K.L.:
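I'd like to ask some things about the structure below.
Computed from a predicted structure; not experimentally measured. Values reported hereafter were calculated over all heavy atoms of this structure, with side chains retained and with hydrogens, waters and symmetry mates removed.
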Amino acid sequence: MVEFIENRKPTREEDGKYKDDMGLRDAMSEPQSVWELAQREQVDFKIESVPMGVETESQGFFVPTKKGNPMRNLHYRTDTMTALVDHPGTYTLREDGYGPIFDEMDKMFGDSCTMVRSLDNGLRLYMLFQPEEAIDFGGGTMIPTVGLSASLDSSIATSMHAFAFDPWCTNAFTSRSAVMRTKATSNHDVFLRRRMEILAETVNQTKALARIARIASDQEFTERQFHELVRSLPTVEKRRWAAQDKWDPVKGETVPAHGTSIKNYEFIWDSINDSWDMDKSRFGDTKWTAFSAIQGAEQHHLNGGVNGSKAKKAERVLRKGLFDPHHTLAQEAWAGLRFDELVSA
């Protein structure tokens, strides 16, 4: 009988390792080979599966079956003997795990991998590559960056994402949808065949954003204008309204706002303004500073949430801030600053 041990505790120490970027800077390294980072992150593992059963008094260990197959199989890592996930008996996982993905990404991008990060004991995987030179936009640089997200059991689709990564503040300006996506992890070889398309799309998006940043960096945006912009964002306005005392017609008196609502509003306001103060030292009081501050606050702080350990917040930032295309505040700021007009200018 296979004997399992409890899932390992995270190897990263929380204290002192997650600062303003909520772990993104710590997660990244100088460009190197995929396999080097995969081994460091301990995701170069193999997978085996065993039938799941129950211990009965009459028959001992009993495995329920359906049409000759076990009802459920448990999939586990052979390096640590820890469980990954269980599935119906007809569902199989690749025994070589992420190995084929690492091989193909190594062929595509060589020694340009800057991050390999796993969640849920290795069930989910995130990678970043910087295969192209940085693009100057006047006030700084943006690095065309390719991201890959995958999972062993298709809980998330295997997909490629285009980022314009700002190394100074670890902001990763991402497109609203994946460049390419395939439902099954086993079909990821489609990416290798379309390598140039992925790279071209990534570089084109970075150049377009750098052009907007160059124009917006020359447009003055005062402290007053910034505060007016923030207050006008629907998400901020919604939280501000929730944090106000309200008249209760049934009780005939004013009812104070819930403490959580007040805390959430103060958190979003303080996070955005702290980011604005930090970015002003680099860009000055400009439209680009306004957008970078709001986008950066959402990516690094707001997506992490108020509660939870620093490590958990860092994981949420990685998952939601980089690979979730729905960045509400950033989209609202983009619209409020009328950046679409700069695209067509």
Side-chain angles (χ1 to χ4, degrees), residues 7-14 16-19 21-48 76-82 84 93-134 141 143-152 156 158-167 170 172 174 179-180 185-186 188-193 195-196 198-199 202-203 311 314-315 317-319 321-323:
N7 288 351
R8 294 177 294 108
K9 293 182 179 180
T11 57
R12 302 180 188 84
E13 296 178 1
E14 292 185 16
K17 299 207 73 173
Y18 300 104
K19 299 180 182 179
D21 60 5
M22 293 304 298
L24 181 58
R25 189 184 299 276
D26 178 61
M28 299 186 68
S29 68
E30 291 297 318
Q32 54 191 289
S33 76
V34 174
W35 279 104
E36 284 179 322
L37 287 179
Q39 291 166 2
R40 184 183 305 174
E41 182 68 12
Q42 298 180 336
V43 287
D44 57 330
F45 53 80
K46 306 294 184 182
I47 299 172
E48 289 188 3
Y76 65 95
R77 297 174 51 156
T78 60
D79 59 338
T80 60
M81 297 298 289
T82 54
L84 285 168
L93 293 186
R94 297 183 64 119
E95 293 182 357
D96 46 6
Y98 295 114
I101 290 183
F102 296 148
D103 284 338
E104 291 191 9
M105 295 301 103
D106 188 55
K107 294 176 185 176
M108 286 180 67
F109 302 118
D111 294 342
S112 66
C113 185
T114 58
M115 186 189 78
V116 174
R117 193 76 173 266
S118 63
L119 300 179
D120 299 333
N121 195 33
L123 189 63
R124 286 187 272 187
L125 178 74
Y126 298 92
M127 305 172 71
L128 292 179
F129 302 87
Q130 293 180 353
E132 298 291 320
E133 294 297 321
T141 58
I143 305 174
T145 303
V146 177
L148 177 139
S149 59
S151 63
L152 292 170
I156 57 173
T158 304
S159 55
M160 303 293 286
H161 306 257
F163 301 115
F165 187 78
D166 186 342
T170 67
T174 178
V179 178
M180 291 186 61
T185 302
S186 59
H188 56 264
D189 57 346
V190 66
F191 298 135
L192 185 61
R193 295 196 300 269
R195 174 181 182 275
M196 295 310 298
I198 295 170
L199 285 177
T202 302
V203 173
E315 288 183 358
V317 167
L318 179 66
R319 184 161 44 203
L322 295 189
F323 292 90

K.L.:
Mind checking side chain to side chain contact (heavy atoms under 4.5 Å, CB included) for Lys107 and listing every partner two or more places apart, or none if nothing turns up?
P.N.:
Leu192

K.L.:
What are the two closest heavy atoms between Val116 and Leu125, and how far apart are they?
P.N.:
CG1-CD1, 3.8 Å

K.L.:
With distance as the sole test, does Gln32 use its side chain to make a donor-acceptor pair with the main-chain N or O of Glu30 at under 3.5 Å?
P.N.:
yes

K.L.:
Please test Ile143 against Phe163 for side-chain contact (heavy atoms from CB on, under 4.5 Å), starting from the C-alpha separation and ending with a verdict.
P.N.:
CA-CA 8 Å; Ile143 305 174; Phe163 301 115; over 6 Å; no

K.L.:
Begin with the C-alpha distance, continue with both residues' side-chain angles, and end with the deciding distance and a verdict on side-chain contact (heavy atoms from CB on, under 4.5 Å) for Thr80 and Phe45.
P.N.:
CA-CA 9 Å; Thr80 60; Phe45 53 80; over 6 Å; no

K.L.:
Please list, chain by chain and in numerical order, all residues satisfying side-chain hydrogen bond (donor to acceptor under 3.5 Å, both in side chains) with Arg195, sequence neighbours excluded.
P.N.:
none

K.L.:
Hey, is the main chain of Gly122 close enough, under 3.5 Å, to the side chain of Tyr98 for a donor-acceptor pair?
P.N.:
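Between the backbone of Gly122 and the side chain of Tyr98 there is a qualifying donor-acceptor contact (under 3.5 Å).
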
K.L.:
Per the side chain to side chain donor-acceptor pair (under 3.5 Å) rule, which among Asp103, Asp106, Asp44 passes with Trp35?
P.N.:
Asp103

K.L.:
According to side chain to side chain contact (heavy atoms under 4.5 Å, CB included), who are the partners of Asp96, at least two apart in sequence or on a separate chain?
P.N.:
Lys46, Arg94, Pro100

K.L.:
CG of Leu123 to CG of Leu84: how many Å apart, nearest 0.5 Å?
P.N.:
6.0 Å

K.L.:
Does Glu95 have any side-chain hydrogen bond (donor to acceptor under 3.5 Å, both in side chains) partners at least two apart in sequence or in another chain, and if so, which?
P.N.:
none

K.L.:
Of all heavy-atom pairs between Thr202 and Ile198, which one has the smallest distance, and what is that distance?
P.N.:
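Taking Thr202 first and Ile198 second, the nearest heavy atoms are OG1-O, 2.8 Å.
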
K.L.:
With rounding to the nearest 0.5 angstrom, report the CG to OG distance, Leu148 to Ser159.
P.N.:
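Separation between the atoms: 7.0 Å.
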
K.L.:
Mark yes or no for whether Gln130, through its side chain, and Pro31, through its backbone, hold a donor-acceptor pair below 3.5 Å.
P.N.:
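The answer is no, because no donor-acceptor pair under 3.5 Å joins these two groups.
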
K.L.:
Hey, are Glu48 and Thr78 close enough side-chain-wise for a donor-acceptor pair under 3.5 Å?
P.N.:
no

K.L.:
Please report the closest heavy-atom contact between Pro144 and Ala134, naming both atoms and the distance.
P.N.:
CD-CA, 4.3 Å

K.L.:
Mind checking the CD1-CG spacing from Ile47 to Leu93? Nearest 0.5 Å is all I need.
P.N.:
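One gets 5.0 Å once the value is rounded to the nearest 0.5 Å.
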
K.L.:
Among Met160, Glu132, Met105, Met108, which residue meets the side chain to side chain contact (heavy atoms under 4.5 Å, CB included) test with Val146?
P.N.:
Met160

K.L.:
Which heavy atom of Arg77 sits nearest to which heavy atom of Gln42, and what is that distance?
P.N.:
NH2-O, 2.8 Å

K.L.:
Please list, chain by chain and in numerical order, all residues satisfying side chain to side chain contact (heavy atoms under 4.5 Å, CB included) with Ser112, sequence neighbours excluded.
P.N.:
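Checked Ser112 against side chain to side chain contact (heavy atoms under 4.5 Å, CB included); matches are Phe109, Phe129, Pro131.
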
K.L.:
What residues, two or more places apart in sequence or in another chain, satisfy side chain to side chain contact (heavy atoms under 4.5 Å, CB included) together with Ala38?
P.N.:
Val43, Phe102

K.L.:
To the nearest 0.5 Å, what is the distance between CG (Leu152) and CD1 (Ile101)?
P.N.:
8.0 Å

